[in-house]
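First the structure, in the form of structure tokens, and then the observations on it.
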Number of protein chains: 2
Amino acid sequence: MPTRRSPARRPTMKDIARRAGVSESAVSFALNDRPGVSEATRARVRRVAEQLGWRPSTAARALSGEGAATVGFVLARPAATLGVDSFFLQLVSGIQGVLAERHLGLLFQVVEDVADECAVYRRWWAEHRVDGVLVVDPRADDPRPGLLDELSLPAVVIGGAPDERHPGLSTVWADDAGAMASVVGELTALGHRRIVHIAGLPGLAHTQRRIRTLRAEAARRGLAEVESVTTDYSDAEAAAVTRRVLRGPAAPTALVYDTDVMAVAGLAAAAELGFSVPADLSVVAWEDSALCRMVTPWLSALSRDSVEFGKTAARELLALLDGGPARTVRVPVPRLIERDSTGPARTDRPRSGAANDGTGPGA
Amino acid sequence: MPTRRSPARRPTMKDIARRAGVSESAVSFALNDRPGVSEATRARVRRVAEQLGWRPSTAARALSGEGAATVGFVLARPAATLGVDSFFLQLVSGIQGVLAERHLGLLFQVVEDVADECAVYRRWWAEHRVDGVLVVDPRADDPRPGLLDELSLPAVVIGGAPDERHPGLSTVWADDAGAMASVVGELTALGHRRIVHIAGLPGLAHTQRRIRTLRAEAARRGLAEVESVTTDYSDAEAAAVTRRVLRGPAAPTALVYDTDVMAVAGLAAAAELGFSVPADLSVVAWEDSALCRMVTPWLSALSRDSVEFGKTAARELLALLDGGPARTVRVPVPRLIERDSTGPARTDRPRSGAANDGTGPGA
DNA sequence: TCTTGACACTCAAGCGCTTTAGCAGTTCCC
DNA sequence: GGGAACTGCTAAAGCGCTTGAGTGTCAAGA
């Protein structure tokens, strides 16, 4: 433990230089592993620095040309929709794990929409606050890659498909198409032919990828009654859509939800309508979390390692900051974990008729 | 729109000075609303700055004595337990809303435990990275207030009871005691006399406050069979504890959970054992979220405005940074929202007997 | 013996900003 | 009419660090 010093005085390189009997430059060389000092001096300087509890001032570092030792992360979400969500916290946790090794800070900001997000990038850039950023929720016609290119701010797009128009950006993505194909395969193997995909925001790139894949898979397998419905990701809308499709004629026998939260909400809605899961209806959640094991029946879910996803993204950003080339990295395809909410499609008779009286589909 | 410039060059005050035909100092005075320049010059400088899209370099500002324009927020959570949680994201969102008005950044870090958290504070302080911090999850015998005092790093403790030993810290807290008293009052009014409180981590200050209050309330009302059981906040442990107390002799007629997640997990566990809610058992969740409306029956919950909570905390920190005195602010007592999981206690016969065969409590 | 050059180090400038001191010019007042 | 007291501005130092240009020393090579 260092000896008790007067409280609010940070040690500087000058202090170290004085104590070690060398110049400030020597201290700088010593501490940054640069040639120009003897090993003996280097060791001595290191020792003094350690003893003083010295850490480089990021401000001074940033000012003299080094980076700000910080990366940025913006979450564009209307405050109202910030709900139950395990994905982001896990993602951020993974990101941190990697950044912390290099003592990089994470500047985090929640904003209302993408326009605000762009404003934040501009400000961060002008204020010299971050060395790079992590971008989530890429969307069709996204203004962000172009902006980041213009600012030459290193960036990694998380969850986007590779984008050739902005070769400066790295991309880390999960293969939604492959996952969707596997889900459809699994469901058709169980005999399901009427599948509804309750998707997220229509503007997001991965929503569109999933919808496109579903359509293609349905065409390939000759499934006529397959559709996607987009939502705002809220549990309320998920429940409403679920009620609507289940009450309609030729109700689906399987529902695929784009998030665990929507799946849980949908499950409750289905139960209210008297549908028994998985006997009458199979349910799959895209995104696994404790939530899936907190409802009855337990939800089958597409699981991916969000923490690892974050780590991968952070590593790519580090590579970029080190001057490496932009790359596109694909993380493992989400695995379908079959629990209790999926089962063989009912074969007795195709369900039909508009109104369901709530006493149950087969009664 | 500014004219197209070469990409990666930030405008500096020197640029403004040249364009406006004045010295750098004049620019500084003009832009910081300091006396020393005429209104005409001030306006001209402002216009040029605007036009150039200038923003002060935080690094340079920080280096010349101003703050780092950043506040820190550390979340000490083992990565594994980062689960479904709406509280923190909402809290952070509220914090941001206030900080953004002043263009303050939020440095966010997830660490494993409080020791690591302290290390982060030390590093942030030494690196001159933050002007102040927001501390969550205060606990008994907490090393953090002392450390922050020692570093004279302005801080607001969120969720702590006022602490006289560290007069430098502000505190923003919700009146857990009052809320617990109201819950107990409500439940006893419904006839419940056997209540189990399934609490969170035993080390946290608010856990202890709730437990103490429950005990005091029970004593005051002459309820003998009231107890608190601490958990690690996980859904798994909540379910396990629920099963244990419901299977025990003299099972409780009401359960109070410290989080919505635990309440949902407990609800499922109770359902498995054949308990019907609210007929056999009343359930209250401490913390409201969409989750509470996604299960059957909907959970009665103690609701507070987490976004507002964050805003209040951030405002207190700003006040501190402005040189104001440390204060203790109490946010409104959480309100009990009665939904469908609470009802009159069964009066037919006191439940008893160890083993429950799962066919239902009254069968 | 005198150069070379490698080595270990110091000096000083500069990053973008704030801030104190100072310097002209104007107004004011006895 | 000559200080005093403004007003509106500039010059320069300094925050803590990096870095390129220099300086002194010593050993090896000519």
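The figures here come from the full heavy-atom set of this structure, side chains too, leaving out hydrogens, waters and symmetry mates.
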Inset, instruction - Have a look at A:I95 and tell me which of A:L106, A:V307, A:L317 forms a side-chain contact (heavy atoms from CB on, under 4.5 Å) with it. - result: A:L106

Legend entry - Value rounded to 0.5 Å, distance of CG in A:D131 from CD in A:E66: 9.5 Å

Inset, instruction - Flag yes if more than 12 heavy atoms outside A:R19 fall under 6.0 Å of its CZ atom; otherwise flag no. - result: no

Legend entry - Nucleotide D:dC15, atom C1' - distance to NE2 of B:H128 in whole Å: 9 Å

Inset, instruction - Could you please name the option among D:dA12, C:dG16, C:dT10 that lies closest to any side-chain atom of B:A60? - result: C:dG16

Inset, instruction - Would you indicate, yes or no, if C:dT18 has its OP1 or OP2 atom less than 4.0 angstrom from a side-chain nitrogen or oxygen of B:S28? - result: yes

Inset, instruction - Measure from the side-chain heavy atoms of B:L63 and tell me the nearest of D:dC15, C:dT19, D:dC17. - result: D:dC15

Legend entry - A:R10 bridged to A:D15 by N-O distance under 4.0 Å: no

Inset, instruction - For the side chain of A:T41, starting at C-beta, report the closest nucleotide among D:dG16, C:dC9, C:dT18. - result: C:dC9

Legend entry - Side chain proximity check, B:E117 to B:Q109, heavy atoms < 4.5 angstrom: no

Legend entry - Short side-chain donor-acceptor distance under 3.5 Å, A:S28 and A:S25: no

Legend entry - Whole-Å distance separating the CZ atom of B:F29 from the P atom of C:dA21: 12 Å

Inset, instruction - Report the nucleotide, chosen from C:dT18, D:dC17, D:dC15, that has the shortest atom-to-atom distance to any side-chain atom of B:E66. - result: C:dT18

Inset, instruction - Take atom CD of B:E24 and atom P of D:dC15, then tell me their distance rounded to the nearest Å. - result: 18 Å

Inset, instruction - Identify which nucleotide among C:dA8, C:dA12, C:dG16 has an atom closest to any side-chain atom of A:S38, counting heavy atoms from C-beta outward. - result: C:dA8

Legend entry - d(CD1, A:I16; P, D:dC17) in whole Å: 7 Å

Inset, instruction - Mind calculating the distance between CG (A:D33) and C1' (D:dT19) to the nearest angstrom? - result: 16 Å

Inset, instruction - Using the side-chain contact (heavy atoms from CB on, under 4.5 Å) rule, pick out the option among B:V120, B:T70, B:L148, B:V74 that qualifies with B:V133. - result: B:L148

Legend entry - B:R18 CZ to D:dT10 P, straight-line distance once rounded to whole Å: 14 Å

Inset, instruction - Counting heavy atoms from C-beta on, name the nucleotide in C:dT20, C:dT18, C:dG14 closest to the side chain of A:S64. - result: C:dG14

Legend entry - Presence of A:T12 side-chain N/O under 4.0 Å of D:dG16 phosphate oxygens OP1/OP2: no

Inset, instruction - Measure from the side chain of B:S25, starting at C-beta and using heavy atoms only, and say which of D:dT18, D:dA12, D:dT19 lies closest. - result: D:dA12

Inset, instruction - Scan A:G65 against the nucleic acid and name what it touches under 4.0 Å (heavy atoms): base, sugar-phosphate only, or nothing. - result: nothing

Inset, instruction - Give the angle between the helix axes at the two ends of the helix from C:dT1-D:dA30 to C:dC30-D:dG1, taking five base pairs at each end and rounding to 10°. - result: 70°

Legend entry - Any A:R61 side-chain N or O less than 4.0 Å from OP1/OP2 of D:dG16: no

Inset, instruction - Check whether any side-chain nitrogen or oxygen of A:R34 sits under 4.0 Å from OP1 or OP2 of D:dT19, and answer yes or no. - result: yes

